[in-house]
Amino acid sequence: MSTLGKGICIITGASKGFGRALAHEVSPLLEPGSVLLLVARSGALLQELKEELHSFTDKQQLAVHCVAVDLATRTGVNETVRIVRQEAENKIDHVLLINNAGSLGDISEFRSFTDIETVNSYLSFNVSSALALTAGVLQVFPCRVGLRWSVVNVSSILALNALPSWVLYCTAKAARHAVFSVLSKEEPNVKVLSYSPGPMDTAMQVDILRLTGIRHCLYPCQESAAKLIKLLLDNDFTSGKHLDFVDV
Amino acid sequence: TENNSVRAPDLGRALCVITGASRGFGRTAARQMSRLLKPSSALVLAARSGDELRALQAELVADAEAGGGGLLVEVVPADLAQPDALEPEVKTILYETPPSLPASLGDVSRYAKSFTNMAEVDSYLSLNVSSSLCLTASFLQAFPQRPGLRRTVINLSSLCAVQPFRSWVLYCTGKAARDMMFRVLAEEEPDVRVLNYSPGPLDTDMQMLARSRTADPDIKKSFSNMFAQGQLLTCEASCTKLVKLLLEDNYVSGAHVDIYDV
């Protein structure tokens with residue numbers, strides 16, 4: 001497949017890092033009449049990104065919308081779904097939802113997590129939000145013949161491997177992998193991909209370095225984003241699989 | 001590998017805490033564990049139902065006395081989903097079996113795409129994931145490492161932690177999250193013995209909910225068949241295996257051990 005079809009593509013956490021790189025990689029591959037929804041908290045950064053994509057907007061008739069909401073809140077999730085519903089008027093043949101928004105959380109000893117509100121709010125943003133948003137978009141675009149549906153869960157090697165002091169992050173990533181695994185079993189017409197993008201040159205990695213003192217060998221976001229998009233173009237993967245940047 | 005099945009005779013002089021102790025596996029565990037606690041031990045039972053807990057407390061105290069020993073049994077009727085419930089009274093965790101059935105199983109009558117309400121998912125994760133992290137963390141703080149003190153944390157896991165089940169998104173997610181949580185603990189604190197124990201299909205009220213409410217017809221049928229064909233395990237049988245694991249103390253900390261592996 002050489003394009004992603006005439007689609008509606010939703011990227012959460014699109015304002016920076018991997019999400020932003022994905023917006024760049026996906027835009028040239030969406031056919032005329034497609035819609036790209038960029039979701040993040042920062043309206044200003046999203047607007048900047050939209051301007052960077054203007055050549056696609058003009059030449060390729062790609063409609064780019066900035067959705068500045070906080071996906072840690074039900075209002076934010078519901079608003080995003082509402083905007084998706086508005087775009088449902090357009091006849092499209094592909095829904096591509098990329099659940100990229102996520103946070104690092106507190107990298108601390110397991111024993112430090114005695115405050116339930118801290119844990120609840122972390123899981124809410126990193127797990128509940130992704131499920132609720134995916135469910136909402138699935139309801140807007142029920143599966144039908146001629147409609148291709150792809151959902152990406154931006155995952156991590158830490159969905160599969162435990163790392164000391166990373167209980168929040170590991171737990172949330174493992175939880176997300178379970179959410180999307182179950183979804184893949186329930187919805188045979190939805191291609192579900194859990195993609196672990198590898199350590200990239202993002203603000204999150206800057207935080208990791210500051211908090212842990214551990215410097216990783218970082219890849220450019222663009223490289224990992226390109227690999228993910230290629231996986232989606234080739235569409236060869238088994239739904240529900242967990243794939244890592246280094247393996248593809 | 002050497003089969004080193006040297007068994008400890010009992011759990012020693014212990015503080016043993018069991019959540020979800022008012023029924024099902026938790027209640028069975030309370031009974032079995034109490035018999036393995038040496039004099040001067042204390043057993044703390046937490047669950048939502050105060051009445052059921054007090055009845056169990058009376059039973060266990062009477063049994064201990066009849067056996068010639070003394071066992072201190074405390075009850076904590078508390079809703080683990082409420083942050084206030086996590087007070088220092090409940091200082092240590094040995095088991096985690098959530099107190100209320102639909103709250104712990106989640107709504108299995110629906111598919112993932114119906115979970116558009118974030119608050120519903122939040123509430124499920126709070127009870128089934130966050131509370132067990134916070135309780136366990138409190139336990140570790142209340143009982144820091146010291147020579148001669150053994151600390152054991154058991155997570156009641158499930159096949160659902162490692163395998164997706166259609167119409168069971170909340171339960172699978174909660175169990176997968178918990179397994180990982182306790183694997184991180186095992187990596188971080190090598191002196192804490194951590195066990196993710198999957199007890200098998202138990203003949204409990206939860207199982208009854210599973211076979212009556214599951215939306216997915218194939219999964220529902222497989223539960224019904226297990227029941228009809230007498231393949232469900234008693235809590236006693238499963239707990240006996242858990243006790244064996246604890247007393248032999250050979251399991252790899254952080255491992256997911258299924259009853260059928262024992």
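Order of the sequence lines sets the chain letters (A, B, ...), proteins ahead of strands, with each chain counted from 1.
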Give me the atom names and distance for the closest heavy-atom approach of B:M180 to A:L160.
CE-C, 3.7 Å
Can you see which heavy atom on A:A135 is nearest to which on B:A112, and at what distance?
CB-O, 3.6 Å
Quick note, ring-ring contact (aromatic ring centres under 6.0 Å, His included) partners involving residues 159-197 of chain A, not counting sequence neighbours, are A:W166-A:Y169, A:H177-A:H242
[atom1] of [X]: more than 12 outside heavy atoms within 6.0 angstrom?
X: A:R41; atom1: CZ; value: no
X: A:K241; atom1: NZ; value: no
X: B:Y251; atom1: OH; value: yes
X: A:I157; atom1: CD1; value: no
X: A:R82; atom1: CZ; value: yes

Derivation of the side chain to side chain contact (heavy atoms under 4.5 Å, CB included) call for B:T173 and A:V127:
CA-CA 9 Å; B:T173 298; A:V127 185; 4.1 Å; yes
Heavy-atom cut-off 4.5 Å, strictly under: side chain, backbone, both or neither for [X] against chain B?
X: A:A72; answer: backbone
X: A:L133; answer: neither
X: A:V77; answer: side chain
X: A:S181; answer: both
X: A:A159; answer: backbone
X: A:T73; answer: backbone

Heaviest contributor of heavy-atom pairs below 4.5 Å to chain A, chosen from B:L185, B:D179, B:L125, is B:L185
Choice from B:A137, B:C172, B:P164 maximising heavy atom contacts with chain A below 4.5 Å:
B:A137
Backbone N or O of A:F110 within a donor-acceptor pair of the B:E188 side chain at under 3.5 Å?
yes
Separation of [Y] [atom2] from [X] [atom1] (nearest 0.5 Å):
X: A:L163; Y: B:E187; atom1: CG; atom2: CD; value: 8.0 Å
X: B:T116; Y: A:Q139; atom1: OG1; atom2: CD; value: 5.5 Å
X: B:S126; Y: A:I116; atom1: OG; atom2: CD1; value: 4.0 Å

Could you give all pairs that pass the salt bridge (charged side-chain N to carboxylate O under 4.0 Å, His left out) test and reach residues 155-171 of chain B, with sequence neighbours left out?
B:R166-B:D216, B:R166-B:D218
All side chain to side chain contact (heavy atoms under 4.5 Å, CB included) counterparts of A:S108, not counting sequence neighbours
A:D106, A:S112, A:F113
So which of A:S121, A:G136, A:A172, A:S124 has the largest heavy-atom pair count under 4.5 angstrom toward chain B?
A:S124
Winner by heavy-atom pair count (cut-off under 4.5 Å) against chain B, out of A:L131, A:V81, A:L158, A:L168:
A:L131
Find out whether [X] and [Y] are in side-chain contact, i.e. whether some heavy atom of one side chain is under 4.5 Å from a heavy atom of the other.
X: A:S129; Y: B:M118; answer: yes
X: B:L133; Y: A:T171; answer: no
X: B:V184; Y: A:P164; answer: no

One thing to verify: whether A:R111 and B:E189 come together as a salt bridge, which I'm taking to mean a side-chain N less than 4.0 angstrom from a carboxylate O.
yes
So which of A:N120, A:V119, A:D115 actually passes side chain to side chain contact (heavy atoms under 4.5 Å, CB included) with B:C134?
A:V119
At a 4.5 Å cut-off on heavy atoms, which part of B:E120 comes close to chain A: side chain, backbone, both, or neither?
neither
Please classify the contact between B:F165 and chain A as side chain, backbone, both or neither, with a heavy-atom cut-off of under 4.5 Å.
backbone
Can you pull out the residues in residues 182-194 of chain A with any heavy atom less than 4.5 Å from chain B?
A:V182, A:L183, A:K185, A:E186, A:E187
